[in-house]
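Chain identifiers are assigned alphabetically (A, B, ...) following the order of the sequence lines, protein sequences preceding nucleic acid strands; residue numbering begins at 1 within each chain.
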Number of protein chains: 2
Amino acid sequence: MSSEVPTEAKQLRSTVKPEGMVEVAVVRVPIPRPKADEVVVRIEATPINPSDLGLIFAGADLSRARAGGTAELPTVSAPIAPEALRLLAARVGQSMPVGNEGAGTVVAAGSAPQAQALLGQVVGVIGGEMYSQYRCLHVAQCQLLPPRITPSQGAAWFINPMTALCFLETLRREGHRALVHTAAASNLGRMLVLLCREEGVPLVNVVRRPEQVTALTALGATHICDSSQPGFRESLAVAVAETGATLAFDAVGGGTLASELLVAMEAAAARSRPGFRRYGTTIHKQVYLYGSLDTGPTVLQRTYGLAWGVGGWLVTNVLERLGGQETARLRARAAAGLASTFASHYSAEISLAEMLQPEQIAMYGRRATGSKYLVRPHPRS
Amino acid sequence: MSSEVPTEAKQLRSTVKPEGMVEVAVVRVPIPRPKADEVVVRIEATPINPSDLGLIFAGADLSRARAGGTAELPTVSAPIAPEALRLLAARVGQSMPVGNEGAGTVVAAGSAPQAQALLGQVVGVIGGEMYSQYRCLHVAQCQLLPPRITPSQGAAWFINPMTALCFLETLRREGHRALVHTAAASNLGRMLVLLCREEGVPLVNVVRRPEQVTALTALGATHICDSSQPGFRESLAVAVAETGATLAFDAVGGGTLASELLVAMEAAAARSRPGFRRYGTTIHKQVYLYGSLDTGPTVLQRTYGLAWGVGGWLVTNVLERLGGQETARLRARAAAGLASTFASHYSAEISLAEMLQPEQIAMYGRRATGSKYLVRPHPRS
């Protein structure tokens with residue numbers, strides 16, 4: 001192992017306590033020596049994705065977060081509601097590492113040629129435990145980034161780009177020709193606007209604030225519907241009819257949005273073939289819920305016939321079905337687009353210790369579009 | 001055309017009036033002469049299925065039904081709530097024939113050999129407009145019934161038997177090995193108990209009253225869960241775990257039942273592979289809503305990870321995908337089982353005129369298991 005790799009380093013851990021608290025702490029952990037087909041990556045940048053927040057804070061009430069520990073090894077605690085605690089039974093008492101993805105430099109490598117080939121390179125990494133200063137990973141968990149892509153640019157190389165790419169894989173496999181995306185002003189939403197334009201796939205963008213309409217228009221989006229406006233349902237109906245969208249990916253999850261998307265799709269389908277149909281049209285309409293910005297129940301009005309589906313959607317499950325070769329192709333495409341189609345935008349950069357400050361948590365824990373944070377696990381040199 | 005076929009006969013019609021009423025009436029209609037590949041069937045028995053009720057009464061308030069017309073050609077009217085009326089725009093002002101299926105004797109036939117071959121035979125028929133004394137139909141809409149099967153036995157030859165058969169086709173095509181059925185004490189539910197036993201497919205029966213447990217047990221059902229009992233969720237969890245059911249067909253539609261089925265399936269899946277999974281198991285869980293006994297919204301709690309789907313299900317859409325040859329095989333199997341696996345049970349037999357009596361409507365309009373009516377369009381001879 002290279003002399004520049006320390007024997008231990010800092011890492012973030014999250015533990016759900018049986019009494020109904022989550023405790024998040026910076027701890028010191030040993031850095032394993034890499035096996036033949038492993039490398040040690042100095043993690044230089046790692047994003048806080050909505051999917052990370054659920055694991056870090058376990059649904060706790062962040063408005064009641066309390067800081068603790070030392071300046072060197074801080075902690076933060078927050079209470080979890082009893083009904084949320086029941087769903088967490090399987091993780092109570094476990095100190096869990098967190099952080100889905102990141103990027104950094106390979107500082108040590110095992111003896112295998114594919115590991116040695118990465119030594120000194122900047123790689124994107126996936127596989128959890130990324131809120132760490134160093135990670136020992138299998139070479140398959142690393143993606144060589146293109147020349148001149150920095151760890152900051154490459155930190156969010158996997159989840160959002162692969163999600164956008166897999167939205168279109170799902171569209172093609174299930175025979176749709178256009179799609180709707182909600183929470184469309186997010187980093188993922190911006191990537192999808194650019195990707196759909198490249199691929200010639202019509203896209204309806206649903207946003208939640210007027211200023212997001214401006215931002216997406218500037219990016220070149222053509223169909224944008226603002227759910228905060230009184231004419232939302234009408235504008236959605238028009239956009240869905242114009243594009244022929246019969247598929248939607250929804251980040252909101254709770255409430256009636258999925259049902260409203262199906263109403264718009266069925267109205268467009270019925271308009272193209274007039275007449276009364278007791279069971280609605282036979283055109284299949286599908287909404288996938290890939291997020292839970294609204295954690296309340298999904299409420300389906302069922303006023304759109306019987307040719308419809310609503311379901312959960314997870315990028316890793318899609319990749320599992322696509323298989324290794326197709327996944328490798330999509331990963332390479334994601335990496336190649338990091339400075340263009342798949343560029344991420346952050347509102348702030350913070351350290352591991354700052355992740356535990358209640359005032360920072362209040363900002364990045366909002367799950368609001370435009371407040372995405374990048375974590376820098378090492379002090380600036 | 002044979003001399004025993006009159007030139008006109010009685011038929012039931014349903015009309016949604018623009019002022020927000022449904023009017024159902026017995027009218028006289030001409031009987032067409034059959035073309036070469038058509039036959040005229042004297043309809044001797046036709047069931048009132050839940051799927052017929054929606055078309056006959058258009059969601060009107062049946063407690064406010066008012067009889068009218070003459071003894072010979074009666075009518076009945078009932079008011080429709082404004083929100084229900086909006087969904088009926090495409091049928092306002094249309095006099096619609098009703099009745100999905102039935103059985104009777106072929107009394108006239110066109111010149112084609114396949115039409116002539118049916119003359120004098122008892123056939124099951126499908127294709128709407130069955131609350132009629134006579135129907136002119138294409139031979140493809142007729143299924144020759146086995147010897148000694150009466151029109152009463154054959155009246156419900158299509159919808160319930162084909163639905164039960166297509167439940168199992170869906171199970172196989174989507175890779176499930178066991179299933180849950182709700183409203184399991186219905187005629188369809190009883191058929192499914194017998195069919196699943198024949199096919200060796202484990203079945204969990206969800207019923208809504210204690211006496212239905214007794215009835216299904218007598219039929220040989222092994223997994224029965226009564227949703228009216230306080231221990232329902234626990235018994236459902238046990239039955240789902242024992243059978244490995246990852247698919248459900250739900251006739252209720254509204255409320256939280258679909259969500260509870262998914263909770264039970266995910267709990268069973270998680271138990272077979274312990275440990276915390278942030279996104280739940282990867283075992284796909286599917287609930288199809290094929291009915292709307294509860295017309296309220298479907299409420300999904302989303303506490304079962306991301307590998308799940310809920311959707312509408314319609315037997316004709318499944319048959320469309322299966323194709324003509326497979327449909328013919330299933331139809332022949334349905335007909336062959338009419339005295340055994342696919343036997344129907346009725347609580348009363350009524351005439352076309354009696355269908356319009358408010359006291360009869362109060363009974364057969366309840367959509368309650370055990371109150372299924374058979375219509376006899378001709379006076380007893």
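Across A/S51, A/A89, A/G305, the residue that shares the most heavy-atom pairs under 4.5 angstrom with chain B is A/S51. Chosen from A/G280, A/G254, A/G54, the residue pairing most often with chain B at heavy-atom distances under 4.5 Å is A/G254. Among B/A58, B/S292, B/G253, the residue making the largest number of heavy-atom pairs under 4.5 Å with chain A is B/G253.
Considering only heavy atoms from C-beta on, A/T282 stays 4.5 Å or farther from B/E320 through its side chain. Side-chain contact between A/P297 and B/V299 is present, with heavy atoms from C-beta onward closer than 4.5 Å.
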Please set out all donor-acceptor pairs under 3.5 angstrom arising from side-chain atoms of residues 310-317 of chain A, sequence neighbours excluded.
residue : atom : partner : partner atom : Å
A/W313  : NE1  : A/T170  : OG1          : 3.3

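For A/R233, the salt bridge (charged side-chain N to carboxylate O under 4.0 Å, His left out) partners at least two apart in sequence or on another chain are A/E260.
Residue contact with chain B, scored on non-hydrogen atoms closer than 4.5 Å, involves the backbone and the side chain of A/R91 alike. Neither the backbone nor the side chain of A/S259 comes within less than 4.5 Å of any heavy atom of chain B. Of the two parts of A/L289, the backbone and the side chain both hold a non-hydrogen atom closer than 4.5 Å to a non-hydrogen atom of chain B. B/T256 does not touch chain A: none of its heavy atoms, backbone or side chain, sits under 4.5 Å away.
Remark: A/H284 NE2 to B/R321 CZ distance equals 8.5 Å, nearest 0.5 Å.
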